Amino acid sequence: MRLITVAGPPSSGKTSVIIKAVEALQGEGVKVGVIKFDCLSTGDQALYERRGISAKTGLSGNLCPDHFFVSNIQECLQWGEQSGFDLLVSESAGLCNRCAPHIKDVCAVCVIDNLSGVETPRKIGPMLKMADIVVVTKGDIVSQAEREVFSYRVRQVNPGAVIINVNGLTGQGGYELGRLLSAAQETVSLTGRLLRFSMPAALCSYCLGQRKIGSDYQMGNVRKMDFT
């Protein structure tokens with residue numbers, strides 16, 4: 001089975017892009033499953049299932065979504081294998097732009113949209129900089145000049161990625177993305193595999209439920225700004 005990690009900022013069009021790519025693959029007889037990672041709630045599982053795509057949802061609650069992802073992805077892989085999928089897609093939102101849900105030697109996709117602004121690629125961390133494929137969405141809403149500048153900025157931060165434009169409404173580019181995903185290498189197990197980058201680090205009093213503000217209540221991994 002092939003495992004694909006898909007990440008990107010909220011509302012960048014990840015679910016629509018995945019659906020269009022999967023529909024193209026289903027037309028060729030490829031059996032695909034999706035794991036949706038989110039924080040508090042999501043209706044995306046119903047969107048997938050209405051299109052005949054098997055899906056499961058994992059909600060991290062008050063935990064960091066990245067840490068929740070890495071704690072569960074091996075079990076997700078096992079579910080995919082037991083279900084007989086040819087391809088399993090993991091979808092997670094990069095809520096802080098520092099997220100790093102990509103695994104070494106596992107095909108990594110980052111979805112980012114033109115409407116976020118031409119400076120956005122520089123503000124996104126490992127989920128963009130270490131992706132194998134960068135999907136750019138909402139290109140039909142901006143000018144050709146803006147699309148070219150945006151792609152150039154993506155190329156600056158990730159020179160080695162394949163950049164592809166996909167329209168989540170019309171499906172344009174979905175077939176091409178599906179072909180790229182189907183060419184990914186197979187994943188037998190994730191036990192012992194390495195993340196491409198370390199997860200965001202946070203173990204402080206606020207992680208453990210502290211609500212009071214002030215230095216007297218701050219312990220653990222705390223970083224202060226320098227105003228001198």
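These numbers were taken from a predicted model, which means no experiment stands behind them.
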Query raised in the report: Among pairs that include at least one residue of residues 84-96, which meet side chain to side chain donor-acceptor pair (under 3.5 Å), considering only residues two or more places apart or in two chains?
Result: Thr15-Glu91, Lys36-Glu91, Tyr48-Glu91
Strictly distance-based, threshold 3.5 Å: is any side-chain N or O of [X] a donor or acceptor partner for the main-chain N or O of [Y]?
| X | Y | result |
| --- | --- | --- |
| Thr137 | Ser12 | yes |
| Thr120 | Gly117 | yes |
| Asn158 | Leu128 | yes |
| Arg51 | Leu47 | yes |
| Tyr206 | Lys212 | yes |
| Lys31 | Ser83 | yes |
| Arg2 | Gln185 | no |
| Asp132 | Ala108 | yes |
| Arg196 | Val106 | yes |

Report task. Give the intermediate values and the outcome of side chain to side chain contact (heavy atoms under 4.5 Å, CB included) for residues Arg98 and Asp66. Result -> CA-CA 10 Å; Arg98 164 59 181 82; Asp66 259 10; 5.5 Å; no
Closest heavy-atom contact between [X] and [Y]?
| X | Y | answer |
| --- | --- | --- |
| Gln45 | Ala55 | NE2-O, 3.3 Å |
| Val70 | Met199 | CB-CE, 3.7 Å |
| Phe197 | Pro126 | CD2-CG, 3.4 Å |
| Cys39 | Leu95 | SG-CD1, 2.9 Å |
| Arg147 | Gly139 | NH1-O, 2.7 Å |
| Pro101 | Phe69 | O-CZ, 3.6 Å |

Requested in this report: Report yes or no: do Gln144 and Glu148 form a side-chain donor-acceptor pair below 3.5 Å?
Outcome: yes
Return the [atom1] to [atom2] distance between [X] and [Y], rounded to the nearest 0.5 Å.
| X | Y | atom1 | atom2 | answer |
| --- | --- | --- | --- | --- |
| Ile163 | Cys110 | CD1 | SG | 10.5 Å |
| Ile35 | Trp79 | CD1 | CH2 | 4.5 Å |
| Thr187 | Leu88 | OG1 | CG | 9.0 Å |
| Arg122 | Gln156 | CZ | CD | 5.0 Å |
| Asn97 | Lys123 | CG | NZ | 9.0 Å |
| Gln78 | Ser189 | CD | OG | 7.5 Å |

Report task. Apply the test side chain to side chain contact (heavy atoms under 4.5 Å, CB included) to residues Leu3 and Leu190: give CA-CA distance (whole Å), side-chain angles for both, the deciding distance (0.1 Å), then the verdict. Result -> CA-CA 10 Å; Leu3 174 65; Leu190 293 175; 3.8 Å; yes
Report yes if some heavy atom in the side chain of [X] is under 4.5 Å from a heavy atom in the side chain of [Y]; otherwise report no.
| X | Y | value |
| --- | --- | --- |
| Lys224 | Gln218 | yes |
| Val17 | Val109 | no |
| Ser16 | Leu169 | no |
| Ser182 | Glu28 | no |
| Phe37 | Ser60 | no |
| Thr57 | Asp44 | no |
| Glu49 | Ser54 | no |

**Report entry** Verdict with supporting geometry, Glu146 and Lys138, salt bridge (Lys or Arg N to Asp or Glu O under 4.0 Å)
**Finding:** CA-CA 11 Å; Glu146 289 174 299; Lys138 305 178 185 178; over 6 Å; no
Report task. Return yes when atom CG of Leu208 has more than 12 non-hydrogen atoms of other residues, nucleotides or ligands closer than 6.0 Å, and no otherwise. Result ->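 Above 12, so yes.
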Under a 4.5 Å side-chain heavy-atom rule over Ile, Leu, Val, Met, Phe, Trp and Tyr, are [X] and [Y] clustered together?
| X | Y | answer |
| --- | --- | --- |
| Val136 | Val118 | no |
| Leu181 | Val34 | yes |
| Val166 | Ile124 | no |
| Met1 | Val32 | no |
| Ile164 | Met127 | no |

